[in-house]
Amino acid sequence: MEYSFRDIEKKWQERWKASNAYKVENNCSKPKYYVLDMFPYPSGAGLHVGHPLGYIASDIYSRYKRLKGFNVLHPMGYDAFGLPAEQYAIDHGIHPAVSTATNISNFRSQLDKIGFSYDWDREVNTSKPGYYKWTQWIFLQLFNSFYSRKAGKAERIQVLINAFEKEGNAEYAMPNTQYYIQQFNAKQWKGFDEKRQQDILMQYRLAYCGIGEVNWCEALGTVLANDEVVNGVSERGGYPVVKKKLRQWYLRITEYADRLLEGLERIEFSEAMKEMQTNWIGKSSGAEIDYSIRIGELETTEIRRDIKSDDPSIKIVEVAISETVAENDEPLRVYTTRPDTIFGVDFMVIAPEHELVEEITTEKQKQAVDEYIAYVKSRSERERMAEKKISGVFTGSYALNPFNGKAIPIWISEYVLAGYGTGAIMAVPCGDERDHKFAQHFNIPITNIIGKYYDGNEANPTKDAILENSDFLNGMVMRDAIEVVNKKIEELGIGIRKINYKMRDAAFSRQRYWGEPFPIKWINGIAYPLDESELPLELPEVDSYKPGLEGEGPLANIKTWTSQNLETNTMPGYAGSSWYFLRYMDPHNDKAFCDRKVSDYWGQVDLYIGGTEHAVGHLLYSRMWTKALYDLGYIGHDEPYKKLVNQGMIQGSSRFVYRISFMDFPHLGVMEKVIVNEDAEIFISSGYAEKYLNNELTKQELIDLLNTVSANYFNYSGEIDNLPISLIKLHVDVNIVDGVELNVQEFRKWRNGEYVNAKFILEDGKYICGVEIEKMSKSKFNTVNPDDLVARYGADTFRMYEMFLGPVEMSKPWDTKGIEGVHRFLKKLWRLFYKESGSSQVSPGGGDLEGAVWTEEKATDVELKVLHNTIKKIESDTERFSFNTGVSGFMIAVNELSDLKCHKREILEPLLILLAPYAPHIAEELYAQLRQAPSFGGGLGEASILDATYPTFEAKYVAESSKEYPISINGKLRTTMDISLDAAQPDVEKMVLENDIVKKWLEGKPPKKIIFVKGKMVNVVI
RNA sequence: CCGGAUGUGGUGAAAUUGGUAGACACGUCAGACUUAGGAUCUGAUGCCGUAAGGUAUGGGGGUUCGAGUCCCUCCAUCCGGACCA
């Protein structure tokens, strides 16, 4: 009987479905294990071979854990809201729900062919009202709570209201420091009208509404995401994009910054991933320092001091303030992480948008400042980042160093960002690269406070230097001086310690249709949440998916919607995916997003597999939601994912053909002299193409080659060197290329016969394609569809080959050619059970065992050794997600058992159980045959291999008494010797010195030393 | 610029703790069987060399009896972040 994978896989997929083999119960006495794949967006393009990589890895691990006696939750569903469906709707007028459903059904059928062990009863879809009801519900919880810094967790907004009524907000500092009321007492609070009270509460809510900037594209009439804006214009169409202030919803994730950092220490993410999240959060500690300001012109004198550097550009300026100068009421507040450098401050820089700019600009500098601000406004963010021009202008005013009164000029420059810190910095050129460049550019004298650490040419951001020119800090190490200055500024009341974060609150609204509606009504400018009983607030039908006026979403066009005063924004893509791992646990619950008892049973996701692209988006948001739900008492754990494994990308291996072209632009003038006599395009094989491109093939030789396929293909009357001939490199569909050899028949049919008349210049009778590794994408014709491979080799082969390619975490190129090796392995495995000849019929009952060769004979020591080595290898490889070496472990086992002609059930049955997670169909089929064949002593019952017991490794079967030791001379391997494992050093030395090869190298001299590492090696030093 | 990752045969890769570099495959070559082979099986295969041997894990240096693995330094490729004071 042959290995007939098509019948076997179809049969078992149907049977597993019929028997609910993958159904998972929430009530189970077994220990739980939760394996999760990152939520896919069901795109219209379908799956290519890169997508299922992580799914296969997680499926293997899930099946393995099940065999190990765990109750394994391994669900799948769809993150179904999102822009592509909406864009498709705009372009084709098809409702996103319709196109999404089509995509999902394609996606599902592709997944089904690969034989995953998902419990499809638990499938979720974020765009279904039954799901987004709970997304809206969680949003309401976030809306109705705030982050209590006192308690270090989220609490109900009512707690805050009670406090305000009793004592104002003295105990609860306002998180939004920009709001115009910062402090109030109980009496004031009670005096506020409802609008103002609600405005104030909005400054505290975890989900809140504020004013934010969006990318507004007038021409397209829509708001664009950051990645849809390229170089200041829209990606589609290239229309100008401006920043526009719009009402936006936000999540106050910044309040969780510290806990998000702290949580990283308790979860198993890769160091790289933790690093990325840490950088994104961007915590820095420093101080805010107030400088009083003097507006007006000063008399300055430059004094050379005794500075160690010889560089004349290092100057110390002393500034005398004239009597006529006015003091500004408001001080200049700067944020610095290096208060120790306060005596090295040579100038201040404030952001062009800084509120003090107007007040402190002097008459004399006004024109320059205005011009500069106009210039900055004209530049897009992209321009600012792309061309880093040093630019800035002096305001005319000075800040005074609070310790010694030194006057420091205040500049404005775009290199200081309004949004970070206080939007103002104290510039220390000797210690900061950008400050240094700025000082050099504008010829601002530089004070050296770090002596020899500063060479006059480049800033040195060290913390180890000993301070000089620094008043009371002189002689101190910078690292220690930080604390000294911090203390001092607090004593003097001129500043405070301050912790800053790069992370901003997360924008949580989109001006789009295809997303969750906000359960919010706006009445008289106040946001009122809907009652829970009104959920889900369902998306209305629309006639057009075009946006509303002034950057509002499509919902703004719907009378029935706006007449109810409902919010017209919708939630962003990450809303539904921030909590989906909880819904899988209890997907049909209509009383709660997830029953507390159920979430307590399943707890954290034990293993999460997905790509790095979600490092700072989804992974941070879902961590925050989990923490909020935990704080509010809805779940019992505050980190969603215990362990994260990042899968690498599968790259495409593109193939190219080289077309002869007479369209060489610099030679257009001579084109008339070329007459092409034939309506055919000539393609030349890559070997010749490479040579020609590397100038190893002359034009004449190329022409000779052309003439071999088509005599008088063209006439040319001019100089051969001027012949405008070149090669055009074209992507060709990898599916019509076998390895690197182009299937020329298929090529002629490709693209509706575009190349039907193509002629080829071959090498050894073959057309060889060029190869390049690129991202897998349709436009590069390098995508490979898993369906085709499953049809040709079967799901088991496909699964194992995806794993065999290399480590899951690593990116690697796809090469279809290698799949043969894995397929051969499965066929070889099959031959341990069946002779090739005979019927190829599969009979469901297992009655047809024609050609079966397995026996009930007792296994030999050698066979048991192979088995137990394999058990050990597969178990440990699977545990550490080293699936590629696991597959090779199976190959080694089957190779060895084939060599031993071992057909014994005692060996083969455990082997099948080991294999079942990797290749479930063939394992189940052979297992069923093996156990049910009466004539072979079977009849062991119909139990599925899915719930078999994982074999146990026993060391006694693999014990060795001797080892082939490598014998090195001076560290270089010269020979090997079989030596007993209990041999001691003296015996070994004796044996080794008697060895002929060792003798030869010793040349009669005694060795200096012999190193013997028991069980490892021997090294003779001469 | 900054941060992260990765560099090993013609290709994908292995080497888990510093101890026989290249397991397992693909490809290639030779052979067997066959009407046939894009089936199957056997053997060879890092490079130079007939061989002995030499040489080899991106380059250079170091530690060690011994380095793909540890340290220093430089280079290349890929992926993120972009002026964060």
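Quick note on labels: first sequence line is chain A, next is B, and so on, each numbered from 1.
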Out of B/G12, B/G19, B/A15, minimum distance to the side chain of A/N1019 belongs to B/G19

Does B/A85 have OP1 or OP2 under 4.0 Å away from a side-chain N or O of A/S284? yes

Do any side-chain nitrogens or oxygens of A/N884 fall under 4.0 Å of OP1 or OP2 in B/G12? no

Gap between atoms CE and C1', on A/M1017 and B/A15 respectively (whole Å): 16 Å

Does a side-chain N or O from A/R824 land closer than 4.0 Å to OP1 or OP2 of B/C26, or not? yes

So do A/I425 and A/F347 actually touch side chain to side chain, heavy atoms under 4.5 Å? no

Can you find a side-chain donor-acceptor pair between A/Y793 and A/E820 that sits under 3.5 Å? yes

State which of B/A14, B/A39, B/A85 makes the closest approach to the side chain of A/K827. B/A39

Distance in angstrom units between A/E746 CD and B/G38 P, rounded: 17 Å

Take atom NZ of A/K274 as the centre, draw a 6.0 Å sphere, and report whether it contains more than 12 heavy atoms from other residues, nucleotides or ligands. yes

Is the shortest side-chain N/O distance from A/Y420 to OP1 or OP2 of B/A85 below 4.0 Å? yes

What I'd like to find out is whether the side chain of A/L914 reaches to under 4.5 Å of the side chain of A/K873, using heavy atoms alone. no

Minimum-distance nucleotide (side-chain atoms of A/L417 versus B/C84, B/G3, B/C65): B/C84

Before giving the answer on salt bridge (charged side-chain N to carboxylate O under 4.0 Å, His left out), spell out for A/D258 and A/K283 the whole-Å C-alpha distance, their side-chain angles and the decisive distance to 0.1 Å. CA-CA 8 Å; A/D258 270 324; A/K283 182 176 182 173; 2.6 Å; yes

With sequence neighbours excluded, what pairs up with A/Y3 under the ring pair (Phe, Tyr, Trp, His ring centres under 6.0 Å) test? A/F5, A/W830

Choosing from B/A85, B/G54, B/G19, which nucleotide comes nearest the side chain of A/K1016? B/G19

Selection from B/C24, B/G3, B/U20 that lies nearest to any side-chain heavy atom of A/N279: B/G3

Before you tell me yes or no, could you show the steps for A/D815 and A/S653 under side chain to side chain donor-acceptor pair (under 3.5 Å), namely the whole-Å CA-CA distance, both residues' side-chain angles and the distance that decides it to 0.1 Å? CA-CA 7 Å; A/D815 173 24; A/S653 182; over 6 Å; no

How does RNA chain B look in dot-bracket notation if pairs are Watson-Crick or G-U with both distances under 3.5 Å, crossing ones as [ ], other-strand ones as |? (((((((..(((......[....)))((((((.......))))))(((....)))..(((((..]....))))))))))))....

With syn defined as a glycosidic angle within 90° of 0 and anti as everything else, classify B/G27. anti

Phosphate OP1/OP2 of B/U16: any A/K872 side-chain N/O under 4.0 Å: no

Where the side chain of A/R880 is defined as all heavy atoms beyond and including C-beta, which of B/U16, B/G4, B/G12 is the nearest nucleotide? B/U16

If each of A/Y335 and A/K1009 is mapped to the nucleotide of RNA chain B with the nearest heavy atom, which maps nearer the 5' terminus, i.e. the 5' end? A/K1009

